[in-house]
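Naming: A, B, ... by sequence-line order, numbering from 1 per chain.
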Protein chains: 2
Amino acid sequence: MITMEKVFSHTRQNDSTQTLTKKLRGVGLRATRQRLDIGNLLFSGKDRHVTAESLHDEAVAAGIRISLATIYNALNQFRDAGLLREVLVDPSRTYFDTNTSSHHHFFNVDNGHLTDIPHDEISVSCLPTLPEGQIIDGVDVLIRIKPDA
Amino acid sequence: MITMEKVFSHTRQNDSTQTLTKKLRGVGLRATRQRLDIGNLLFSGKDRHVTAESLHDEAVAAGIRISLATIYNALNQFRDAGLLREVLVDPSRTYFDTNTSSHHHFFNVDNGHLTDIPHDEISVSCLPTLPEGQIIDGVDVLIRIKPDA
DNA sequence: TATTTGTTTAGAATTATTCTAAACTGTTGA
DNA sequence: TCAACAGTTTAGAATAATTCTAAACAAATA
Ligand SMILES: [Mn+2]
Ligand SMILES: [Mn+2]
Ligand SMILES: [Zn+2]
Ligand SMILES: [Zn+2]
């Protein structure tokens with residue numbers, strides 16, 4: 001079947017692609033096919049926590065042709081641009097978080113799953129005085145959880 | 001000069017070595033020369049934060065003959081035994097902490113230095129409900145700091 | 001002391017991540 | 001519309017932290 005999308009694929013794009021293109025250009029990155037594909041995986045539904053490997057597997061499963069090196073490049077560029085946050089939970093791999101707002105995490109040590117804790121559901125009273133001449137760059141709270149008993 | 005320590009070196013050991021030996025045996029580890037050397041570096045003065053590489057460099061500088069593999073083995077065994085804690089701050093290397101009590105950290109993103117925050121100098125109000133059937137394994141607060149301006 | 005079991009270590013292997021450099025593509029100004 | 005340029009992708013090599021292997025060695029035990 002021939003659709004309008006197909007016919008005008010060189011000049012027309014769907015909504016999410018336009019939004020993504022703006023988002024990428026907004027941070028000084030070209031809207032390449034690979035970045036749009038990754039962006040669609042990352043920024044289309046709810047917030048996500050991914051690793052380079054998990055995202056690459058997902059892309060491959062979705063029939064997207066993209067190298068692992070490009071996934072690494074894109075994740076690092078997106079992070080540097082503020083489109084993603086890096087979350088420290090596992091010393092053996094780097095997690096990226098599409099939720100860039102200030103929030104915290106549950107980390108299931110049993111299965112490696114990360115869950116967001118909304119910013120307002122936790123309160124850190126930061127009484128300690130900072131070292132001289134230093135300011136806060138960020139506060140991360142990680143609550144490690146495990147199966148009962 | 002001939003000292004008592006030297007003469008009786010096979011049967012007598014100094015205080016810190018005896019203490020360390022007990023500590024190691026207490027967790028089911030033999031008090032080998034290498035573990036005692038590492039233990040002396042780790043548990044003699046104030047609390048410390050080290051990486052395998054930094055501790056190995058320190059040992060070498062102190063004239064201690066020990067392989068990097070043994071440092072890795074010992075750090076992992078000490079952690080498993082509860083003599084050390086692993087601290088997540090840098091996705092590219094593993095930090096170990098001689099302070100195993102519940103406490104938190106400042107992490108200077110500029111120079112990589114870790115500083116303890118005493119347990120009572122920070123308060124985390126954990127309002128969020130845990131996922132079903134899960135219990136808390138630990139809570140880590142990391143305050144990333146950087147030079148002013 | 002002889003035996004056993006745990007430990008150390010050199011060097012190889014593993015693995016996440018980055019790098020290199022050549023092919024390719026998005027952007028832009030004419 | 002398109003040439004030219006700068007940015008991007010990628011295969012494969014390189015890097016680096018960490019773990020593994022297996023042989024030599026040392027601590028515990030009887
Ligand atoms: Mn990184
Ligand atoms: Mn480890
Ligand atoms: Zn998150
Ligand atoms: Zn500490």
List, one per line, each side-chain donor-acceptor pair under 3.5 Å for residues 129-139 of chain A, sequence neighbours excluded.
from    : atom 1 : to      : atom 2 : distance (Å)
D137(A) : OD1    : K146(B) : NZ     : 3.2
D137(A) : OD2    : R144(B) : NH1    : 3.4

* To do: Might you work through the side chain to side chain donor-acceptor pair (under 3.5 Å) test for N108(A) and T115(A), ending with a clear yes or no?
  => CA-CA 8 Å; N108(A) 189 321; T115(A) 319; over 6 Å; no
* Structure fact -> Rounded to 10°, the helix from dT1(C)-dA30(D) to dA30(C)-dT1(D) deviates from straight, judged by its five-pair end axes, by 30°
* Asked: Are H105(A) and H49(A) close enough that their ring centres sit under 6.0 Å apart?
  -> yes
* Can you find a heavy atom in the side chain of T51(B) that is under 4.5 Å from one in the side chain of T94(B)? -> no
* Worked verdict on S67(A) versus T70(A) for side chain to side chain donor-acceptor pair (under 3.5 Å) -> CA-CA 5 Å; S67(A) 77; T70(A) 299; 3.0 Å; yes
* Asked: Given the rule in the side chain to side chain contact (heavy atoms under 4.5 Å, CB included) test, do L75(A) and L42(A) qualify, once you have shown the distances and angles that lead to the verdict?
  -> CA-CA 10 Å; L75(A) 288 175; L42(A) 291 178; 4.2 Å; yes
* To do: May I have the distance from L75(A) (atom CG) to dA16(C) (atom P), rounded to whole angstrom?
  => 15 Å
* **Distance, rounded to the nearest Å, where D80(A) contributes CG and dG7(D) contributes P** => 16 Å
* To do: May I have the distance from E53(B) (atom CD) to dT15(D) (atom C1'), rounded to whole angstrom?
  => 14 Å
* Scan S92(B) against the nucleic acid and name what it touches under 4.0 Å (heavy atoms): base, sugar-phosphate only, or nothing. => sugar-phosphate
* Asked: Under a 4.5 Å cut-off applied to non-hydrogen side-chain atoms, are D97(B) and H103(B) in contact?
  -> yes
* Please check the phosphate of dT19(D) (OP1 and OP2 only) for any side-chain N or O of Y72(B) closer than 4.0 Å. => no
* Return no unless some side-chain N or O of T94(B) is found under 4.0 Å from OP1 or OP2 of dT18(D). => yes
* Structure fact -> 5' to 3', nucleotides 5-11 of chain C under a 4.0 Å protein heavy-atom cut-off (B base, S sugar-phosphate only, - none) gives BSSSBS-
* **Integer-rounded Å distance: dT18(D) P and L55(B) CG** => 12 Å
* Let me know the distance between CZ of R25(A) and P of dG7(D), rounded to the nearest Å. => 15 Å
* Asked: Does D116(A) come within less than 4.0 Å of R48(A), counting only side-chain N to carboxylate O?
  -> no
* In whole angstrom, what separates Y95(A)'s OH from dT17(C)'s P? -> 10 Å
* Asked: Could you go step by step and tell me if V141(B) and F106(B) meet the side chain to side chain contact (heavy atoms under 4.5 Å, CB included) rule?
  -> CA-CA 9 Å; V141(B) 178; F106(B) 285 125; over 6 Å; no
